Amino acid sequence: MDSTSYVFPTSLGNLKKTPALTAGLPIFTFILCFLKNTLGFEMSSLILYPKSPLEFNLNAISLYSLVHVGYLHWFVNICTIYTPLALFEKRHGTVYTGITLNLLTVIAALQYCIVGLFLYPETGVVGLSGVAFSFIAYMAYKEHQYKPVLETFEIGSREIKIYTLAAPFIAAVVCLIVFPASSLPGHLAGISTGFLLAKGYINKLFPPSSIILKIESFVAPGIALIGQIVYYHREEDAVNVRGVQYEPLFAEGDVESSSAATSSIAQPEPTRSSSYVRETHVLGGAV
């Protein structure tokens with residue numbers, strides 16, 4: 001699995017190689033960002049507050065990640081989630097990845113709300129960064145089984161090791177330093193959710209593959225149309241890859257030959273109204 005293949009498309013040819021959901025998410029969230037920040041559409045009902053579950057605000061629980069404070073907030077989040085989402089979609093399928101995205105969003109939201117009822121009851125969050133941290137944590141957990149130490153360097157006579165499992169937490173701290181308005185609790189909720197996904201604890205929440213195949217069969221004309229623009233990863237192909245051993249990105253040794261072998265097998269903020277301008281924690285950004 002070549003991570004370098006998944007950067008923002010610079011040509012139509014590259015776009016056609018981009019997984020469908022990964023290509024569509026930036027477009028859809030940008031449209032929402034434009035509607036909110038340029039045309040002034042009111043989206044405060046989609047801000048996730050700790051009391052949202054108690055108020056049965058299901059829209060906020062499942063859709064808060066699609067809303068962004070501004071264009072910079074949107075751009076940073078898209079840059080963060082783009083590559084891990086593309087890698088996940090390539091291996092797991094487009095529909096399965098869409099279901100995963102929703103599950104991660106909701107589970108991270110519930111964690112954020114449970115803790116927030118006691119620690120930050122009036123702080124809301126929006127944006128994709130929490131879910132981005134979920135995918136990063138998922139990859140970190142999988143990678144650490146092959147490469148426990150991500151990097152080693154020396155400071156004076158002391159050897160410093162950066163453990164792969166610690167990478168998401170380090171990234172969350174760096175994010176807080178660079179963007180002080182970002183939501184550390186939201187990012188930590190995203191990280192813990194990613195670990196739950198990697199350990200298989202939420203697998204039972206996914207529908208059977210047969211259901212996904214029926215969905216794809218029902219929307220086959222749409223898939224054929226989408227396939228002319230981007231790459232749609234079908235369930236019938238992905239279901240055979242999901243059960244195969246995880247293919248590491250950074251493991252020591254001959255990664256290229258390992259990748260080729262696997263490929264040959266798998267082919268086919270702040271408070272409510274007044275502080276809405278500062279919402280930058282996401283399970284994504286605190287408001």
Side-chain angles (χ1 to χ4, degrees), residues 3 6-8 22 25-38 43-44 46-50 52 60-61 63-86 101 104-105 107-109 111-113 115-116 119-140 150-151 162 164-195 269-287:
S3 61
Y6 297 115
V7 294
F8 284 116
T22 304
L25 186 64
I27 296 172
F28 182 71
T29 51
F30 178 82
I31 291 173
L32 291 180
C33 193
F34 178 78
L35 292 174
K36 172 187 174 294
N37 296 286
T38 300
M43 297 185 182
S44 58
L46 299 183
I47 303 175
L48 177 71
Y49 288 96
S52 293
I61 294 172
L63 300 177
Y64 70 91
S65 63
L66 301 178
V67 182
H68 292 85
V69 179
Y71 292 107
L72 177 61
H73 185 212
W74 169 84
F75 180 74
V76 171
N77 283 349
I78 290 299
C79 288
T80 303
I81 198 174
Y82 193 88
T83 296
L85 180 62
L101 194 62
L104 293 176
T105 299
I107 294 173
Q111 292 184 66
Y112 176 84
C113 291
V115 177
L119 300 182
Y120 39 86
E122 297 300 324
T123 301
V125 294
V126 292
L128 280 166
S129 64
V131 181
F133 272 98
S134 292
F135 283 108
I136 292 172
Y138 168 85
M139 293 179 64
L150 188 61
E151 192 61 65
I162 298 179
T164 306
L165 277 179
F169 298 100
I170 296 173
V173 172
V174 171
C175 182
L176 183 63
I177 294 173
V178 177
F179 301 103
S182 62
S183 171
L184 181 60
H187 294 160
L188 292 177
I191 291 171
S192 64
T193 305
F195 285 150
E269 317 210 53
T271 64
R272 251 170 240 266
S273 48
S274 61
S275 41
Y276 185 55
V277 254
R278 287 202 313 117
E279 66 200 15
T280 213
H281 324 277
V282 174
L283 255 183
V287 232

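As the structure is a computational prediction, the values presented were derived from the model and not from experiment.
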Residues in side-chain hydrogen bond (donor to acceptor under 3.5 Å, both in side chains) contact with Ser192, at least two apart in sequence or another chain: Gln111
With sequence neighbours excluded, residues passing side-chain contact (heavy atoms from CB on, under 4.5 Å) with Cys113: Leu48, Pro53
Euclidean distance, Ser65 OG relative to Leu46 CG, rounded to 0.5 Å: 10.0 Å
Nearest heavy atoms of Ile191 and Pro168, plus distance in Å: CD1-O, 3.5 Å
Nearest heavy atoms of Leu35 and Met43, plus distance in Å: CB-CE, 3.9 Å
Partner residues of Leu165 under the side-chain contact (heavy atoms from CB on, under 4.5 Å) criterion, sequence neighbours left out: Tyr141, His144, Phe195
Closest approach of Ala60 to Ser52 (non-hydrogen atoms, all atoms of both residues): CB-OG, 4.0 Å
Flag side-chain contact, heavy atom, 4.5 Å: Tyr112 against Ser183: yes
Closest heavy-atom pair and its distance - Leu150, Ala167: CD2-CB, 4.2 Å
All side-chain contact (heavy atoms from CB on, under 4.5 Å) counterparts of Val115, not counting sequence neighbours: Leu119, Tyr120
Under the side-chain hydrogen bond (donor to acceptor under 3.5 Å, both in side chains) test, residues paired with Thr22 that sit two or more places apart: Glu89
Euclidean distance, Leu184 CG relative to Phe179 CZ, rounded to 0.5 Å: 14.5 Å
Worked check of side chain to side chain contact (heavy atoms under 4.5 Å, CB included) between Leu101 and Phe135: CA-CA 9 Å; Leu101 194 62; Phe135 283 108; 3.7 Å; yes
Identify every side-chain donor-acceptor pair in residues 26-33 under 3.5 Å, counting partners at least two apart or on other chains, and give the distances.
| residue | atom | partner | partner atom | Å |
| --- | --- | --- | --- | --- |
| Thr29 | OG1 | Leu25 | O | 2.7 |
| Thr29 | OG1 | Pro26 | O | 3.2 |
| Thr29 | OG1 | Trp74 | NE1 | 2.9 |

Gap between atom CG of Leu128 and atom CD1 of Ile81 - 0.5 Å precision: 5.0 Å
Closest non-hydrogen atom pair between His68 and Asn37, with its separation: O-ND2, 3.6 Å
Partners passing side-chain contact (heavy atoms from CB on, under 4.5 Å) against Leu72 (at least two apart in sequence or in another chain): Val76
Criterion side chain to side chain contact (heavy atoms under 4.5 Å, CB included) on Tyr64 and Thr105, from CA distance to verdict: CA-CA 8 Å; Tyr64 70 91; Thr105 299; 3.3 Å; yes
Minimum heavy-atom distance Cys175-His187, with the two atoms named: SG-CE1, 3.6 Å
From CG (Leu63) to CD1 (Ile47), nearest 0.5 Å: 13.0 Å
Side chain to side chain contact (heavy atoms under 4.5 Å, CB included) evaluation trace for Thr80 with Ile136: CA-CA 9 Å; Thr80 303; Ile136 292 172; 3.9 Å; yes
